[in-house]
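Worth saying up front: this structure is predicted, and the values here are computed from it rather than measured. Note: hydrogens, waters and symmetry copies are ignored here, and every other heavy atom, side chains too, is used.
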Amino acid sequence: MNDAAFMERALALAGVAAARGEVPVGAVLVQDGETIGEGHNQPIGTHDPSAHAEIIALRAAGRHLGAYRLPGTTLYVSLEPCSMCVGALIHARVERIVFAASDPKTGACGGAISLHNDATHNHQLSVDGGLMAERSAELLRGFFRSRRRSTPSPSGLIQDPVRGDAG
């Protein structure tokens, strides 16, 4: 499989998150062309602020391999990872991140900040952004548009990363 095929799967997982009322983000972790972990956003349903798609994928991969270090892996994710997720990816020694839509508010791979290649870390991540960005951005816009229509007054709890405002 190639980058596009794995990103297709990440976008499908983002759709699962959206169907469950979660911010539509999906992630697939790959090693040697094989999926070793995947996940979609679940913080609302699990009442767990760390249950981002990337973290769920890392946990699944760790269980699959029986290891907490995941060298030689690539993470495909539908939205640029936040600082929490980039920190976890650095600690896991993930080699590469491929993301779809940029997140100018909380993205930590160049969107808002650049943690992925900070020289103070003992591991840096290679990053490629923009693969299928418009498809991911449209999924996010549609999700937040739907939330705005169904909620009389915005709660401000969920930020629309594409628009940069509360959903």
What pair of heavy atoms forms the shortest contact from [X] to [Y], and how long is it?
X: Ile36; Y: Gln31; answer: CD1-CB, 3.9 Å
X: Ala17; Y: Pro24; answer: CB-CA, 4.0 Å
X: Gly39; Y: Ala57; answer: N-CB, 4.0 Å
X: Pro43; Y: His52; answer: CG-CD2, 4.4 Å
X: Glu80; Y: Ala112; answer: OE2-N, 4.5 Å
X: Val86; Y: Cys109; answer: CG2-SG, 3.7 Å

Sequence neighbours left out, what passes ring pair (Phe, Tyr, Trp, His ring centres under 6.0 Å) with Tyr76? Give chain and number order.
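Per chain and number, Tyr76 pairs via ring pair (Phe, Tyr, Trp, His ring centres under 6.0 Å) with Phe6.
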salt_bridge(Arg145, Glu138) N-O dist < 4.0 Å:
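Yes.
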With a 4.0 Å cut-off, would you call Arg135 and Glu8 a salt bridge?
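Counted as a salt bridge, because a side-chain N and a carboxylate O are separated by less than 4.0 Å.
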[X] with [Y], same ILVMFWY side-chain cluster at under 4.5 Å:
X: Ile55; Y: Tyr68; result: no
X: Leu65; Y: Val94; result: yes
X: Ile56; Y: Leu11; result: no
X: Val25; Y: Phe144; result: yes

Hey, are the side chains of [X] and [Y] touching, using non-hydrogen atoms and a 4.5 Å cut-off?
X: Leu13; Y: Val28; result: yes
X: Glu95; Y: Ser126; result: no
X: Phe143; Y: Val23; result: yes
X: Glu54; Y: Leu29; result: no
X: Met7; Y: Val98; result: yes
X: Leu115; Y: Met84; result: no
X: Arg93; Y: Leu125; result: no
X: Leu58; Y: Leu70; result: yes

Applying salt bridge (Lys or Arg N to Asp or Glu O under 4.0 Å), name anything that partners Glu38, two or more places apart in sequence or on another chain.
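Only Arg9 meet the salt bridge (Lys or Arg N to Asp or Glu O under 4.0 Å) criterion with Glu38.
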Backbone of Ser78 reached by a side-chain donor or acceptor of Ser136 within 3.5 Å:
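Checked: pair present.
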Please report the interatomic distance [atom1]([X]) to [atom2]([Y]), rounded to the nearest 0.5 Å.
X: Ile90; Y: Ile97; atom1: CD1; atom2: CD1; value: 8.0 Å
X: Cys82; Y: Asp103; atom1: SG; atom2: CG; value: 8.5 Å
X: Glu22; Y: Ile44; atom1: CD; atom2: CD1; value: 4.5 Å
X: His64; Y: Thr35; atom1: NE2; atom2: OG1; value: 9.5 Å
X: Leu79; Y: Asn41; atom1: CG; atom2: CG; value: 8.5 Å
X: Thr46; Y: Arg20; atom1: OG1; atom2: CZ; value: 11.5 Å

Would Glu134 and Arg141 count as a salt bridge (Lys or Arg N to Asp or Glu O under 4.0 Å) here? Give the steps.
CA-CA 10 Å; Glu134 188 51 41; Arg141 281 191 294 267; 2.3 Å; yes
More than 12 non-hydrogen atoms from neighbouring residues, nucleotides or ligands closer than 6.0 Å to NE2 on His91, yes or no?
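No, not enclosed.
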